[in-house]
Protein chains: 2
Amino acid sequence: MRVLKYAILGLLDKGSLSGYDMTSHFKAELGQFWSAKHSQIYPELKKLTNEGFIEFKTVIQGSKLEKKMYSITDDGKRELHEWLTAYKPVPDTVKDEFMLKAYFISSMKPAEAEGLFADQLAKRKEKAAFLKERLETLKQEAGPGISFRSPHFGHYLVLTRALERENGYCSWLEKALELIKSGQAGS
Amino acid sequence: MRVLKYAILGLLDKGSLSGYDMTSHFKAELGQFWSAKHSQIYPELKKLTNEGFIEFKTVIQGSKLEKKMYSITDDGKRELHEWLTAYKPVPDTVKDEFMLKAYFISSMKPAEAEGLFADQLAKRKEKAAFLKERLETLKQEAGPGISFRSPHFGHYLVLTRALERENGYCSWLEKALELIKSGQAGS
DNA sequence: CAGGACATGTAACGCGTTACATGATTTG
DNA sequence: CAAATCATGTAACGCGTTACATGTCCTG
């Protein structure tokens, strides 16, 4: 399905970028929902160039270092638009290794399960706090009444969703922990 | 990391299964958080047998049809336990193609974005309703006061998490849709 | 007796990660 | 001047999906 192709086209639709710049985006907010390593990005850039969806200009950074600045072509824009506006089914499976362990909870002792869930809760809370801070920063940059028109709207959507995802996970973990503990008490 | 290995060991820790049985589990509740096709399962079963983590007996179904019933060995149980009780970091990225599109919302017209989000909301609501029904059924089978001791506790955890995941997605989509529509009104 | 479910396998291909490999630039 | 960051590439390997391939059993 080549989703990385569309991730690259989408990034380039906002402005020119080098391959290295793209890896940076995948390490920032966008990385909550999509990412790729540079070893996957560089070959994909070559492929997209051959296909005519993007093009590049070599730029000299400093005195020697060569950098390829990519931009999207009209063909690329058409391709991106087609993907963006296509309605797709919700995936049946979104893989989550922790939930796989949860499914096998009967293979653990209560104390082991409690430890596992408590650890996960602590880590998720930390991540939620981190995302909350990022969102506060964004709100200050973009102003409080963020709207469709704002250049930060995409960031805003991604951050609010990521934060709610973690918060939802946390409240579920808390409920699960109580059930595990009450089962343990009655032994 | 071979997570499929542990998925198989976990399933077998509850009782003997054929490869075909495992694919059925991946199509049921467990499939919300992990799945694999039979083309991946059968080679993995061969590998796990060679490694001594599982073993099988050939059973005749009907008069001719051969079926391999797998069970977990003591080595396999140790291996499973080690994985279950290992604390792991929360993954940085959980891929979500729809959220990638959301990040690129500025490359869409408001009406296009509205259509996309409305479609996603309808599909997520449908999935949430389906999961809610499954959960009601489970509650009737298991009784209302489900606890750690219940043989259905793993199912219960997975279903409640999946349902809350969809509900959370829906409420975020509704908020996003309002922002998109209000931006459109002011154009 | 036909269609769907049960049952098991292999092959080809693409996606994704880790590791290998190199070099320039900036900042403290 | 050392360390971190900027910058680009390839190779090997494993994971996952689609397609190819075959045959039995049960239900209406």
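A note on names: the letters A, B, ... follow the listed sequences, proteins ahead of strands, and every chain is numbered from 1.
Between B:Phe56 and B:Tyr70, the ring planes are tilted. Angles from 30° to 60° get that label.
Using a cutoff of 4.0 Å between basic side-chain nitrogens and carboxylate oxygens, A:Lys132 and A:Glu166 are not scored as salt-bridged. Ionic pairing of A:Lys5 and A:Glu79 is present here: one or more N-O contacts between side-chain nitrogen and carboxylate oxygen are shorter than 4.0 angstrom.
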N/O-N/O pairs, protein side and nucleotides 16-18 of chain C side, under 3.5 Å:
unit_1: C:dG16; atom_1: OP1; unit_2: B:Lys95; atom_2: NZ; d: 3.1
unit_1: C:dG16; atom_1: OP2; unit_2: A:Gln40; atom_2: NE2; d: 2.8
unit_1: C:dT18; atom_1: O4; unit_2: A:Ser39; atom_2: OG; d: 2.7

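B:Ser24 and B:Asp21 form no side-chain donor-acceptor contact under 3.5 Å, judged by distance and modelled atom types alone.
Within the 3.5 Å criterion, the main-chain N or O of A:Trp83 finds no donor-acceptor partner in the side chain of A:Lys88.
Considering only the side chain of A:Arg2, C:dC15 comes nearest among D:dG9, D:dA7, C:dC15.
Taking only side-chain nitrogens and oxygens, B:Tyr20 never comes nearer than 4.0 Å to OP1 or OP2 of C:dT8.
Within the 4.0 angstrom heavy-atom criterion, no nucleotide atom of any strand lies near A:Lys47.
Taking the six-membered ring where the residue is Trp, the centroids of A:Phe148 and A:Tyr156 are separated by 6.0 Å or more.
Rounded to 10 degrees, the angle between the two end axes of the helix from C:dC1-D:dG28 to C:dG28-D:dC1 is 40°, with five pairs used at each end.
Evaluation of the ring pair (Phe, Tyr, Trp, His ring centres under 6.0 Å) rule for B:Phe53 yields no partner, not counting sequence neighbours.
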